[in-house]
Amino acid sequence: MLQLNVIRENKDAIIEALKKRNSDAASLIDSVLVLDEKRRATQTQLDKTLADSNKLSKEIGILYKSGKAQEANALKEETANLKESSKDLTEELNTIATELQQALYLIPNVPHDSVPTGKSEEDNEEIFKEGDIPVLAGGALPHWELAKKYDIIDFELGVKIAGAGFPVYKGKGARLQRALINYFLDKNTAAGYNEIQVPHVVNEASGYGTGQLPDKEGQMYYMPADDLYLIPTAEIPVTNVFRDVILNEKDFPITHTAYTPCFRREAGSYGAHVRGLNRLHQFDKVEIVRVEHPSKSYEALDGMVEHVKDILRELKLPYRILRLCAGDLGFTSALTFDFEVFSTAQDRWLEISSVSNFETYQANRLKLRFKDEDGKSQLAHTLNGSALALPRVLAGILENYQTPDGIIIPEVLVPYCGFDKID
RNA sequence: GGAGAAUUGGCAGAGUGGUCGAAUGCGGCAGUCUUGAAAACUGUUGAGGGUCACACCUCCGGGGGUUCGAAUCCCUCAUUCUCCGCCA
């Protein structure tokens with residue numbers, strides 16, 4: 001959520017910047033400013049009324065104490081009007097505040113200057129590419145065929161138990177999943193991220209805190225009996241650790257890593273590209289989250305990108321990095337880099353990580369602040385990224401490391417797996 | 001799941017209808033003293049709105065109510081603790 005005072009002071013610049021997202025926010029911003037003004041005017045009026053009635057109440061109290069009940073009763077009558085108008089004003093204020101809040105929820109984050117203009121993922125800018133794309137022998141298979149051939153992932157069994165998009169990993173497939181989780185967590189903690197285990201469900205307040213609500217409720221599994229959501233990403237619980245928190249400057253940087261399963265309804269995204277592991281309702285992911293001083297957050301973002309690169313180099317997977325264009329940028333993000341691994345047998349790139357800086361957008365909703373040098377409260381910056389999402393990494397490994405004799409396990413994972421080949 | 005108790009500032013803990021945003025202690029910060037530090041002493045120390053700055057307003061777990069007036073009374077929800085039941 002954008003800050004009101006920032007909108008007030010940079011109205012035109014914000015409208016201009018949001019045009020990059022192909023959203024004309026001008027009228028929305030205008031109505032926010034009108035509502036803001038109305039809110040403050042109403043607040044001032046209410047404050048005055050309350051001040052008057054507080055004053056009267058105090059006088060009544062003093063009169064009673066000094067035994068002047070009659071005079072007190074006379075004053076009581078005067079309060080009736082004040083009470084009436086303060087009730088009306090409170091109602092009015094609540095209405096305006098709610099409208100203002102809802103309008104603010106509809107405004108996405110302002111894209112960073114470096115974000116390229118563009119309408120869709122086709123306009124994303126490739127900024128880096130590394131790793132050799134293997135030349136596979138004849139008869140190379142896509143990962144879902146390999147999964148079947150070696151009996152390591154059973155998609156049909158998942159359908160029976162839960163439904164499409166909930167695969168069952170078996171034998172060496174299950175072991176490889178566990179190896180990847182442990183490897184990622186080890187890499188992240190070695191880089192200084194503090195491991196944390198968090199709930200896999202979140203309440204409504206947490207959903208609003210990181211911006212999934214009210215925007216994306218259709219993408220989350222919701223449990224009405226308990227008013228809880230299954231998490232679509234560890235970003236929500238891990239970042240909400242810092243909801244309503246005031247940090248000291250010396251607490252920066254805050255870094256966490258967490259493994260969680262992720263649940264996504266993926267409503268309406270069925271089609272040709274969802275086969276196998278490409279798009280699931282439940283998948284595993286290891287996330288990294290940072291809370292940073294505003295002056296350090298872009299440096300931190302670069303550090304996260306380098307960290308993810310390092311992992312992919314060790315796995316020896318061909319990958320590229322995209323700078324998302326404004327049209328493809330997430331609602332809450334100011335700048336996002338996507339990592340994609342090349343799926344050789346499918347001949348396409350698969351997104352395996354998304355690393356973003358949200359600047360103060362989430363912090364404003366979370367009320368995540370810190371005391372600066374002058375002792376004033378300021379909003380912190382939040383960032384997060386996948387390091388990494390498992391299924392497509394697994395797809396990449398299966399396809400790129402396949403040989404006629406079986407699938408070779410990347411060297412760095414062998415100690416975690418306890419085997420070096422799936423055959 | 002049943003019965004009872006509780007929820008106050010960074011922490012501990014007073015406060016049961018009136019000048020209480022809240023005593024006191026600890027912690028934090030600043031100063032005095034000291035070669036330096038500790039101790040001691042003095043001052044200061046919640047968040048938000050509002051204002052050029054004051055004034056002023058809101059917040060004592062969340063929401064609602066009673067009252068001229070609520071941290072204090074009532075209702076409701078949440079959470080925590082104790083006892084019982086069930087259970088990985």
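All chains are named by letter (A, B, ...) in the order of the sequence lines, taking the proteins before the strands, and each is independently numbered beginning at 1. Values in this document were obtained by computation on a predicted structure and should not be read as measured data.
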Please report, rounded to the nearest Å, how far the [atom2] atom of [N] is from the [atom1] atom of [X].
{"X": "A:Asp244", "N": "B:G10", "atom1": "CG", "atom2": "C1'", "value": "15 Å"}
{"X": "A:Lys376", "N": "B:U45", "atom1": "NZ", "atom2": "C1'", "value": "17 Å"}
{"X": "A:Asp47", "N": "B:G50", "atom1": "CG", "atom2": "P", "value": "10 Å"}
{"X": "A:Glu37", "N": "B:U51", "atom1": "CD", "atom2": "P", "value": "10 Å"}
{"X": "A:Leu50", "N": "B:G49", "atom1": "CG", "atom2": "C1'", "value": "13 Å"}
{"X": "A:Lys371", "N": "B:G10", "atom1": "NZ", "atom2": "C1'", "value": "12 Å"}
{"X": "A:Arg39", "N": "B:U58", "atom1": "CZ", "atom2": "C1'", "value": "12 Å"}
{"X": "A:Asn364", "N": "B:G48", "atom1": "CG", "atom2": "P", "value": "12 Å"}

Roughly how far apart, to the nearest Å, are [N] and [M] at atom [atom1]?
{"N": "B:U45", "M": "B:U82", "atom1": "C1'", "result": "36 Å"}
{"N": "B:G13", "M": "B:U7", "atom1": "P", "result": "10 Å"}
{"N": "B:A30", "M": "B:U80", "atom1": "P", "result": "38 Å"}
{"N": "B:U79", "M": "B:C29", "atom1": "C1'", "result": "33 Å"}
{"N": "B:G9", "M": "B:G2", "atom1": "C1'", "result": "36 Å"}
{"N": "B:C56", "M": "B:A22", "atom1": "P", "result": "12 Å"}
{"N": "B:G27", "M": "B:A78", "atom1": "P", "result": "39 Å"}
{"N": "B:C81", "M": "B:C41", "atom1": "C1'", "result": "41 Å"}

Which nucleotide, [options], lies nearest any side-chain atom of [X]?
{"X": "A:Asn54", "options": "B:G46, B:U58, B:U51", "result": "B:U58"}
{"X": "A:Ala51", "options": "B:C56, B:A47, B:U58", "result": "B:C56"}
{"X": "A:Arg40", "options": "B:U51, B:G46, B:C57", "result": "B:U51"}

Are [X] and [Y] close enough that some pair of their side-chain heavy atoms sits under 4.5 Å apart?
{"X": "A:Tyr259", "Y": "A:Phe184", "answer": "no"}
{"X": "A:Arg392", "Y": "A:Leu277", "answer": "no"}
{"X": "A:Tyr298", "Y": "A:Asp302", "answer": "no"}
{"X": "A:Arg21", "Y": "A:Pro108", "answer": "yes"}
{"X": "A:Tyr229", "Y": "A:Ile231", "answer": "no"}

- Message: Tell me if the centroids of the rings in A:His293 and A:Phe370 come within less than 6.0 Å of each other.
- Response: yes
- Message: Could you check whether A:His200 and A:Phe263 have their ring centres less than 6.0 Å apart?
- Response: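 No, they do not, as the ring centres are separated by 6.0 Å or more.
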My understanding is that a pair needs two contacts under 3.5 Å, Watson-Crick or G-U wobble. By that rule, which nucleotide pairs with [N]?
{"N": "B:U72", "value": "none"}
{"N": "B:C81", "value": "B:G4"}
{"N": "B:U32", "value": "B:A40"}
{"N": "B:G27", "value": "B:U45"}
{"N": "B:U51", "value": "none"}
{"N": "B:C87", "value": "none"}
{"N": "B:G21", "value": "none"}
{"N": "B:C60", "value": "none"}

- Message: Can you see if the side chain of A:Asn248 gets near the phosphate of B:G10 - specifically, an N or O under 4.0 Å from OP1 or OP2?
- Response: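 Checking A:Asn248 against B:G10: no side-chain N or O falls below 4.0 Å of OP1 or OP2.
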- Using a cut-off of strictly less than 4.0 Å, decide whether A:Arg369 has a side-chain nitrogen or oxygen near OP1 or OP2 of B:G48. yes
- Query: When A:Asp154 is tested against each of A:Lys160, A:Lys148, A:Lys170 for salt bridge (Lys or Arg N to Asp or Glu O under 4.0 Å), which residue passes?
  - Reply: A:Lys170
- Task: Report which part of the nucleic acid A:Ile62 touches: base, sugar-phosphate, or nothing (heavy-atom distance under 4.0 Å, all strands).
- Result: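 If one applies the 4.0 Å heavy-atom cut-off, A:Ile62 turns out to touch a base.
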- Message: Test salt bridge (charged side-chain N to carboxylate O under 4.0 Å, His left out) on A:Lys38 and A:Glu99; report intermediate values, then the result.
- Response: CA-CA 11 Å; A:Lys38 259 167 85 178; A:Glu99 278 175 44; 5.4 Å; no
- Are A:Lys172 and A:Phe419 in a cation-pi setup, meaning NZ or CZ lies under 6.0 angstrom from the ring centre and within 45 degrees of the ring axis? yes
- Message: Strictly under 4.0 angstrom, non-hydrogen atoms only: write out the protein contact profile of nucleotides 61-81 of chain B, one letter per nucleotide from the 5' end, B, S or -.
- Response: -------BS------------
- Where each residue is assigned the nucleotide of RNA chain B containing its nearest heavy atom, which of A:Asp36 and A:Lys48 is assigned the position nearer the 5′ end?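 It is A:Asp36 whose nearest nucleotide is closer to the 5' end.
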